[in-house]
Amino acid sequence: MEEHLIEDGKYRYIEKGEGTPMIILHGLMGGLSNFQGVSEYFPQKGYKVFIPELPIYDMPLVKTTVKNFATFLEGFIEYKGLKDVILLGNSLGGHIGLLHTKMFPEMVKALVITGSSGLYESAMGDGYPKRGDYEFIKKKAEDVFYDPKVATKEIVDEVFATVNDRMKLVKTLAIAKSAIRHNMSKDLPHMNTPTCIIWGENDTVTPPNVAKEFHELLPDSDLYWIEKCGHAPMMEHPNDFNRILGAWLEKRGF
């Protein structure tokens with residue numbers, strides 16, 4: 001995916017296709033390539049897909065918060081001159097999408113969340129990474145998926161490098177604390193944006209009851225499950241994910 005990266009002012013992003021704008025928001029340890037299946041499928045269906053690189057490790061420590069990432073996203077939307085966007089976020093990306101939608105509801109036509117934080121404190125990991133312990137990191141990365149083989153050596157190496165970079169580790173902890181502070185249970189009942197919730201039945205990071213709670217609290221939401229699937233459905237079962245999301249967008253006329 002790197003070869004498609006556009007560097008434009010303070011933004012680095014991938015842009016593919018023409019049509020209705022769909023912005024994809026990656027998670028804390030997630031790279032842009034996590035959404036390769038989505039970014040290849042939806043441009044053929046009349047969507048213009050953007051995947052901005054979120055400045056997770058580039059903001060000053062005091063600004064490393066979910067709210068500042070939501071504000072960064074709004075800046076990107078304005079910079080690209082977009083309106084009526086569809087936001088799609090996994091894990092922390094889902095949380096950023098939710099908070100952005102609360103702050104700027106007039107900009108968002110639809111919201112798609114999968115394995116999202118925002119309700120559940122352990123969503124950011126319950127045991128903080130032991131620096132230097134590769135096997136521990138490998139096990140943690142494998143636990144994200146139903147099938148541990150999805151956690152390739154490349155993924156494990158990337159996470160290992162992140163937690164062994166002291167500043168990145170400090171910022172990871174800052175984001176986790178910010179996400180816990182930004183619990184959205186009181187906000188969700190007032191958010192009327194149509195929302196598609198796609199969840200792995202075997203997600204151990206944000207368990208199935210979290211998806212049910214999002215569904216109960218959001219006034220206009222639909223909940224879909226993917227079997228034998230962990231915390232990142234768009235990586236583990238990209239074809240099922242695209243089929244479910246495509247059908248939902250069609251049903252809703254988006």
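All heavy atoms count here, side chains included; hydrogens, waters and symmetry mates do not.
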Next item on the list: Begin from the C-alpha positions of Phe145 and Met235 and carry the test side chain to side chain contact (heavy atoms under 4.5 Å, CB included) through to its verdict.
Entry: CA-CA 9 Å; Phe145 305 102; Met235 283 177 80; 4.0 Å; yes
Neighbour count above 12 (heavy atom, 6.0 Å) for [X] [atom1]:
{"X": "Lys45", "atom1": "NZ", "value": "no"}
{"X": "Lys63", "atom1": "NZ", "value": "no"}
{"X": "Lys251", "atom1": "NZ", "value": "yes"}
{"X": "Glu106", "atom1": "CD", "value": "yes"}

Do [X] and [Y] meet the criterion of a side-chain donor-acceptor pair at a distance under 3.5 Å?
{"X": "Asp203", "Y": "Thr206", "value": "yes"}
{"X": "His231", "Y": "Thr204", "value": "no"}
{"X": "Asn68", "Y": "Thr71", "value": "no"}
{"X": "Tyr134", "Y": "Asp157", "value": "yes"}

Checklist line | Aromatic ring proximity Tyr41/Tyr47, centre distance under 6.0 Å | finding: no
Note to self: Tell me if the centroids of the rings in Phe104 and His100 come within less than 6.0 Å of each other.
What the structure shows: yes
Look at the side chain of [X] and the backbone N and O of [Y], then say whether any donor-acceptor pair between them is shorter than 3.5 Å.
{"X": "Asp165", "Y": "Ala161", "answer": "no"}
{"X": "Asp133", "Y": "Phe136", "answer": "yes"}
{"X": "Ser185", "Y": "Asn183", "answer": "no"}
{"X": "Ser178", "Y": "Ala174", "answer": "no"}
{"X": "Thr193", "Y": "Leu111", "answer": "no"}
{"X": "Asn90", "Y": "Gly27", "answer": "no"}

Check: Between Ser221 and His215, does a side-chain hydrogen bond (donor to acceptor under 3.5 Å, both in side chains) hold up when you go through it step by step?
Finding: CA-CA 6 Å; Ser221 64; His215 183 40; 2.8 Å; yes
Notebook entry, point to check: Mind checking whether Pro55 and Phe69 have side chains closer than 4.5 Å, heavy atoms only?
Noted result: yes
Notebook entry, point to check: Given Lys16 and Glu40, is the side chain to side chain contact (heavy atoms under 4.5 Å, CB included) satisfied, shown in steps?
Noted result: CA-CA 8 Å; Lys16 292 174 91 170; Glu40 286 172 359; 3.8 Å; yes
Next item on the list: Using the test side-chain hydrogen bond (donor to acceptor under 3.5 Å, both in side chains), find all partners of Glu236 that sit at least two apart in sequence or belong to another chain.
Entry: none
Next item on the list: Kindly assign one of parallel, tilted or perpendicular to the pair Tyr13 and Phe76, based on the angle between their ring planes and the thresholds 30° and 60°.
Entry: perpendicular
